[in-house]
Every structure is written in C-alpha cells, then in structure tokens.
Amino acid sequence: MRSNEAGLRAAIPFGGVGGAICNGAANGSYGSVRVLRSVITGNRASVAGGGIANGGTVVVKGGVLAGNSPDDCFDGGDGAGCP
C-alpha cells in the first residue's frame with residue numbers, strides 16, 4: 001500500500017484519517033485488521049494515521065510500516081493500539 005491519501009482534497013466527510021487503512025468501529029463493534037508481509041509506506045492523511053488509523057485491533061507481521069505522514073499509525077484508544 002503506497003501513495004494513498006485521506007482528506008487532503010477536502011472530499012472526505014469524516015476528516016482525514018487512515019491514508020492507507022482506516023480501521024474503525026461501527027455500532028459498538030470494533031474492527032480487526034491483520035496485515036502480513038506487506039509494505040505500507042508513502043501514504044498521507046490530513047489529520048492522523050497516514051499509514052493506519054486504528055480504532056480496533058491491528059496486527060502487522062513480517063512487513064514494513066514506515067515513512068507515512070503525519071505518522072505511521074494513530075491509535076484511537078479503543079482496541080489493541082498501534083503495532
């Protein structure tokens with residue numbers, strides 16, 4: 001996942017979080033994401049979570065999560081946090 005954007009063109013009604021992945025929650029149920037042997041780099045978000053915005057559980061194994069702006073991972077505080 002590379003060169004994705006969230007909220008940089010003012011076209012997203014929920015703001016700019018999760019340039020590559022936005023793992024949110026709906027109706028009290030938290031999302032779950034597992035990324036294996038993948039590269040998440042060069043993504044951007046206008047608010048937070050250039051790489052991943054996490055509101056549930058996220059696991060990244062055997063891959064790279066680096067070089068995203070304004071940060072690699074933003075933890076919404078509801079789940080397992082950032083890798």
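When atom types are taken as modelled, the side chain of N4 and the backbone of N43 share no donor-acceptor pair closer than 3.5 angstrom. Between the side chain of T41 and the main chain of R2, no donor-acceptor pair closer than 3.5 Å is present. Side chain of D72 to backbone of G49: no donor-acceptor contact under 3.5 angstrom is found.
Heavy atoms only, all atoms of each residue included: A20 and G51 are closest at CB-O, 3.2 Å. Closest approach of Y30 and G55 over heavy atoms only: CD2-O, 3.2 Å. Closest of all the heavy-atom pairs between G19 and A45 is N-CB, 4.0 Å. Of all heavy-atom pairs between P70 and G50, the closest is CD-N, 4.1 Å. Scanning both residues, L36 and S38, for their nearest heavy atoms gives O-OG, 3.0 Å.
In the hydrophobic cluster analysis, where Ile, Leu, Val, Met, Phe, Trp and Tyr join through side-chain heavy atoms closer than 4.5 angstrom, V58 is grouped together with M1.
Counting only heavy atoms from C-beta outward, the side chains of I52 and V60 approach each other to under 4.5 Å. At a threshold of 4.5 Å between non-hydrogen side-chain atoms, the residues V35 and I21 count as touching.
Atom CD1 of residue I40 and atom CG of residue L65 lie 5.5 Å apart, to the nearest 0.5 angstrom.
Under the rule for a disulfide bond (SG atoms under 2.5 Å apart), C22 has no partner lying at least two apart in sequence or in another chain.
Chaining together hydrophobic side chains whose heavy atoms lie under 4.5 Å apart places V39 alongside V64.
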